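Okay, so here's the structure we're looking at.
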2 protein chains.
Amino acid sequence: MAQTAISSIKSNYDNLNNTEKRIADTIIANPTIAHDFTIQELAVASNVSSASVSRFVKHIGWDSYRDFSVALASHEDSNVFFGEIAETDSTKDIIQKVFSGATNALTTTLEMLDTTTFTAAVDLICNAKTVGLFGIGGSSLVAFNGYHKLLRTSINVQQHPDYDIQLMQAVRMTKQDVGIVISHSGRNHDTLTIAEKLKENNVKTIAITSFAQSPLAKLADISLVSIAEEVNFRAESMSSLIAQLTIMDSLFTAVGFQLGSKTQVVVDNIRNAIEKTRVSK
Amino acid sequence: MAQTAISSIKSNYDNLNNTEKRIADTIIANPTIAHDFTIQELAVASNVSSASVSRFVKHIGWDSYRDFSVALASHEDSNVFFGEIAETDSTKDIIQKVFSGATNALTTTLEMLDTTTFTAAVDLICNAKTVGLFGIGGSSLVAFNGYHKLLRTSINVQQHPDYDIQLMQAVRMTKQDVGIVISHSGRNHDTLTIAEKLKENNVKTIAITSFAQSPLAKLADISLVSIAEEVNFRAESMSSLIAQLTIMDSLFTAVGFQLGSKTQVVVDNIRNAIEKTRVSK
DNA sequence: TTGCATTTTGAAAATTTTTTTCTTAAAATA
DNA sequence: TATTTTAAGAAAAAAATTTTCAAAATGCAA
């Protein structure tokens, strides 16, 4: 993915030596400084020479200090208003925080999404005889949304909100099929039961979950991870729901493009059908 | 940083002389250039000397060219990669575009959301005897999500995916109740029928729709508008769905805070119930 | 129109900032 | 212990930015 300044530091952090870590720490501790600071000021703040800073930015993948500091500036602004919602927050503050939480989830998820893994998932779906979508509770929204999207392709797709029916569908699937299993926590008992049934039948499984280390992620052939810092005052994370929906939509869009014109015909037919339900004025 | 780089140019534009206007035009025509360009490159691109550019940035209120170009970068859309998805796009490009589309929808919707209107909606919900959520097709997702959220408050809430049942619920509501009606287009025939029934019974209605001028928005007492530039290859806009979900979540969060501790007890109870469905390992 | 004053703007000089080279010291290896 | 390698700052070089200066253009009054 397009590296951001901060992520370029974090992903290289282990390869940095002490001097470079000092610079990295200074920047991470206060990301806004580096766009205000010249290379010399940053060097002084980090207790190193400006030569080391110059070498540092090149080491982590930028062309020049100027490039780096501009990159740092371009990503800084968006999450200023991010964090726990407090008792004292005004309505406006609450709206702001909910929206930045969602934006943040999207940004972080995108950064962490591995294209190779994603492409493998797309291929799996394109070559499936039938695709089954499984999700319970809040995750059923994501499953339902995926169902809605996949209906517009030429792919056969199954989804039902009811757990018992999902379980039966899972049991009936074969190794030519693909199951997409969604769970925020990745450790919901019922969802795991479905994933295990799929596994038993050698159905290829794609997990969409918020935790890369969850039982579901470990069970699945491919797992796509949504990442969101949770915000106060909610049992399930809305932000990760947003991230998961967007993963699902990317998946559908990529599948649609891979299948090409075959899909476009279906989309057009459906669009016409929907258009008829709308009033003109 | 009250002024953004672009607005500092626009607000000073009339006071600029020809040379400065040439520079201003170059930047406005392509705001991304100035963070890539050195002062000299910008000078060449604008057909002026670098001295003039240096004077220009000071004239419009910045300390140095460096300051200015960083300011330009920080305001610049992180959605450089936004727009129609093309046949030639790689999988990585598609992911990027879908995610930026969603981010963009959130940003724009937040910008346009009027706090006063929003607060009025929150008050309405807090004082309602019962809240009904209505949405069909893709919008039923938003309704269902809202239902999920409101269940965690002490408010009475009704929602059903089936249109006929929604209609019956609408008919039975009274003027002490509030109906939240969701429709992307704001002109779905069935959704409008529900909104009209609500109106007939003097039920207060809140519309969540993508179009401020749609019949639904005009019919409703309060309308909350989600805004998203549509991206190719989809019948319904996923981006506006994301925006609507986030509006709904903001609504729930604000309502939850307004109701205060009464809600927290319900949330805790539900959280415990959910926790029990999870496996420990 | 002419002459004088003011403004504008680029060239060049001065300054500041960044990058590279060079050198020394420390660490690793033989 | 000797040699090689690595690391990091000092200093030099290069690049970028700002200021100064002078020529040209413009405005204004007589």
Side-chain angles (χ1 to χ4, degrees), chain A residues 3 5-6 8-9 12-74 76, chain B residues 1 3 5-6 8-9 12-76:
Chain A
Q3 289 266 94
I6 293 285
S8 73
I9 295 174
N12 283 294
Y13 197 83
D14 291 337
N15 303 324
L16 302 179
N17 60 42
N18 279 340
T19 307
E20 291 175 321
K21 276 191 177 124
R22 281 218 294 286
I23 303 167
D25 291 342
T26 309
I27 297 165
I28 290 169
N30 185 2
T32 59
I33 69 171
H35 86 249
D36 285 331
F37 280 23
T38 65
I39 198 170
Q40 284 160 30
E41 291 168 323
L42 180 56
V44 170
S46 313
N47 257 304
V48 301
S49 68
S50 60
S52 296
V53 178
S54 177
R55 281 188 290 252
F56 166 78
V57 297
K58 279 170 187 148
H59 185 181
I60 61 171
W62 303 89
D63 279 350
S64 68
Y65 179 76
R66 191 168 185 282
D67 255 35
F68 170 78
S69 68
V70 162
L72 203 55
S74 70
E76 107 203 350
Chain B
M1 193 187 289
Q3 289 267 92
I6 294 285
S8 72
I9 296 174
N12 284 293
Y13 196 84
D14 291 339
N15 303 324
L16 301 178
N17 60 42
N18 278 340
T19 308
E20 291 175 322
K21 277 193 175 123
R22 281 219 293 286
I23 303 167
D25 291 343
T26 309
I27 296 165
I28 291 169
N30 185 3
T32 60
I33 70 172
H35 86 247
D36 284 332
F37 278 23
T38 65
I39 198 171
Q40 284 160 33
E41 290 169 323
L42 180 56
V44 170
S46 312
N47 257 302
V48 300
S49 69
S50 60
S52 296
V53 178
S54 177
R55 282 189 290 255
F56 165 78
V57 297
K58 277 165 190 151
H59 185 182
I60 61 171
W62 303 91
D63 279 350
S64 68
Y65 180 76
R66 190 168 185 281
D67 255 35
F68 170 78
S69 70
V70 163
L72 202 56
S74 69
H75 184 67
E76 161 200 322

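Just so you know, these numbers come straight off a predicted model, no measurement behind them. Sequence lines set the chain letters: A, B, ... in the order given, protein chains first and strands last, and positions in each chain run from 1.
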Between the protein and nucleotides 19-21 of chain C, which nitrogen or oxygen pairs come in under 3.5 angstrom?
residue, atom, partner, partner atom, Å
dT19(C), OP1, Tyr65(A), N, 3.1
dT19(C), OP2, Ser54(A), OG, 3.2
dT20(C), OP2, Lys58(A), NZ, 2.9

Return all side-chain donor-acceptor pairs below 3.5 angstrom for residues 50-60 of chain B, not counting sequence neighbours, or 'none' if the list is empty.
residue, atom, partner, partner atom, Å
Ser52(B), OG, Ser49(B), OG, 3.2
His59(B), ND1, Glu20(B), OE1, 3.1
His59(B), ND1, Glu20(B), OE2, 2.8

Notebook entry, point to check: Taking only residues two or more places apart in sequence or in another chain, which ones pass side chain to side chain donor-acceptor pair (under 3.5 Å) with Thr19(A)?
Noted result: none
Margin query: If the condition is side chain to side chain donor-acceptor pair (under 3.5 Å), which residues does Asn47(B) pass it with, not counting sequence neighbours?
Written below: none
Next item on the list: Output the distance between atom CD1 (Ile27(B)) and atom CZ (Phe68(B)), rounded to the nearest 0.5 Å.
Entry: 4.0 Å
Checklist line | Leading and trailing nucleotides of DNA chain D with any atom under 4.0 Å from heavy atoms of chain A | finding: dA8(D) to dT17(D)
Next item on the list: Can you tell me the distance, in whole Å, between the CD atom of Glu20(B) and the P atom of dG10(C)?
Entry: 11 Å
Check: Which atom pair, heavy atoms only, marks the closest approach of Ile39(A) to Tyr65(A)?
Finding: N-CE2, 3.5 Å
Next item on the list: Over all heavy atoms of both residues, which pair between Arg22(B) and Val48(B) is shortest? Give the atoms and the distance, please.
Entry: NH2-CG1, 3.6 Å
Note to self: Between Thr38(A) and dT17(C), is there a contact of a side-chain N or O with OP1 or OP2 at under 4.0 Å?
What the structure shows: no
Note to self: When you measure from the side chain of Ser46(B) to the backbone of Ala43(B), do you find a donor-acceptor pair of N or O atoms at a distance under 3.5 Å?
What the structure shows: no
